[in-house]
2 protein chains.
Amino acid sequence: MEKLLKIFKALSDKNRVRILLLLTKKKLCVCEIQDILGVTVSTVSKHLSILRDCDFIIDEKDGKWVNYSLNTASKDIVLNQILLILPFYLNNDELIQSDFEKVNSVCRKNLCNILLNIS
Amino acid sequence: MEKLLKIFKALSDKNRVRILLLLTKKKLCVCEIQDILGVTVSTVSKHLSILRDCDFIIDEKDGKWVNYSLNTASKDIVLNQILLILPFYLNNDELIQSDFEKVNSVCRKNLCNILLNIS
DNA sequence: TCGTAATTTCGCTATTGAACGAATTGACAA
DNA sequence: TTGTCAATTCGTTCAATAGCGAAATTACGA
């Protein structure tokens, strides 16, 4: 029961659902997700830890970066069903489509250079 | 998106999940659910309005009582999948099994008489 | 080693949500 | 119509959570 509630709580935040949909497209690091969602890095990091804590996503170190991707290896029926249903349900959502456009053009190195130039 | 979030928020509360599982067994009125969950009538009523608001359940008047039951007529893929998965996932849950034992013996008229005698 | 940059953690604020009791509503029966 | 009882709504309190900025952590490269 507790695990199930944790899953539904993870799914009841818009930005976390957006992150899951983004990760259906490709692996992303924290700062790429930050750029698309428009919230701070610490907020993104917190969302990712919640999603990871219920096994929706996995992380892997890549130099200074941490790549996040969907956990497609889970045997949990709820996790698997959710990951099947979400795209089916939301691919036509206006906000999700806008996110998908951004994720195509997002570039880790440009992004970091831009942030560098600003600060 | 907003509708989906509403569904996941509805599912992220333990008492609302318990109510959904109870209603897989039979139609119930507010005071019967109150007796099983052990919270106040107003709390149960609020939970039911949240579940009804995202079409998980329907209500029908029956004299002084209001019977609640699962909405099996929905065409929403998420609602249907959730209602399929929940029992599969939770039938062996300790708390849910305890609820199921209570729901067999709960009796609307005895319940109301008992409450009457106490007050 | 030391600085830099990505990420995480921490402390805080504001908002949301669950719970309760009291007051109100709605429907039946005397 | 009036009283009774189930249910809902309202107002309040308390806990949980999303968000931010700052500080700490981690890993690469000079």
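Naming: A, B, ... by sequence-line order, numbering from 1 per chain.
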## Note on the structure
Once base and sugar-phosphate atoms are separated, protein heavy atoms under 4.0 Å mark nucleotides 22-30 of chain C, 5' to 3', with B, S and - as B----SS--
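Summarising the geometry, the separation between CD1 on A/I33 and C1' on C/dT7 is reported as 12 Å, rounded to the nearest angstrom. Computed from coordinates, the A/K6 NZ to D/dA16 P distance equals 16 Å when rounded to whole Å. Distance NZ (A/K14) to P (D/dG19): 10 Å, rounded to an integer number of Å. In this entry the distance linking CG of A/N67 with P of C/dA6 reads 13 Å, nearest Å.
Base engagement by A/V41 is indicated by at least one non-hydrogen atom pair under 4.0 Å involving a base atom. Contacts of A/V66 with the nucleic acid, taken as non-hydrogen atoms under 4.0 Å apart, involve only primed sugar atoms and P, OP1 or OP2.
Formation of a donor-acceptor pair under 3.5 Å by the A/S49 side chain with backbone atoms of A/K46 is found in this model. A donor-acceptor contact shorter than 3.5 Å is absent between the side chain of B/R18 and the backbone of B/D13.
Residue pairs meeting the side-chain hydrogen bond (donor to acceptor under 3.5 Å, both in side chains) criterion with at least one member in residues 79-91 of chain A, sequence neighbours excluded, are A/Y89-B/D76. Residue pairs meeting the salt bridge (charged side-chain N to carboxylate O under 4.0 Å, His left out) criterion with at least one partner in residues 61-70 of chain A, sequence neighbours excluded, are A/D62-A/R108.
At C/dT8, one or more side-chain N or O atoms of A/Y68 fall inside 4.0 Å of OP1 or OP2 (strictly under the cut-off). In terms of phosphate contacts, A/T40 brings a side-chain nitrogen or oxygen within less than 4.0 Å of OP1 or OP2 of D/dC20.
In this structure the side chain of A/V106 reaches within 4.5 angstrom of the side chain of A/K26, judged on heavy atoms. Between A/L90 and A/L95 there is no side-chain heavy-atom pair separated by less than 4.5 Å.
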Please write out the pairs of protein N or O atoms and N or O atoms of nucleotides 11-18 of chain C separated by less than 3.5 Å, giving the distance to one decimal.
unit_1, atom_1, unit_2, atom_2, d
C/dA18, OP1, B/R16, NH1, 3.2
C/dA18, OP1, B/R16, NH2, 2.5

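Taking a 6.0 Å sphere around CD of B/E60, one finds it holds more than 12 heavy atoms contributed by other residues, nucleotides or ligands. Other residues, nucleotides and ligands contribute at most 12 non-hydrogen atoms within 6.0 Å of the NZ atom of B/K14.
How far CG of B/L22 is from CD1 of B/I36: 5.0 Å, rounded to the nearest 0.5 Å.
In the region residues 51-60 of chain B, proximity to DNA chain C at under 4.0 angstrom, judged on heavy atoms, holds for none of the residues.
Under the 3.5 Å distance criterion, with hydrogens and angles disregarded, no donor-acceptor pair is assigned to the side chains of B/S45 and B/S42.
Here A/K25 pairs with nothing under the salt bridge (charged side-chain N to carboxylate O under 4.0 Å, His left out) rule; sequence neighbours left out.
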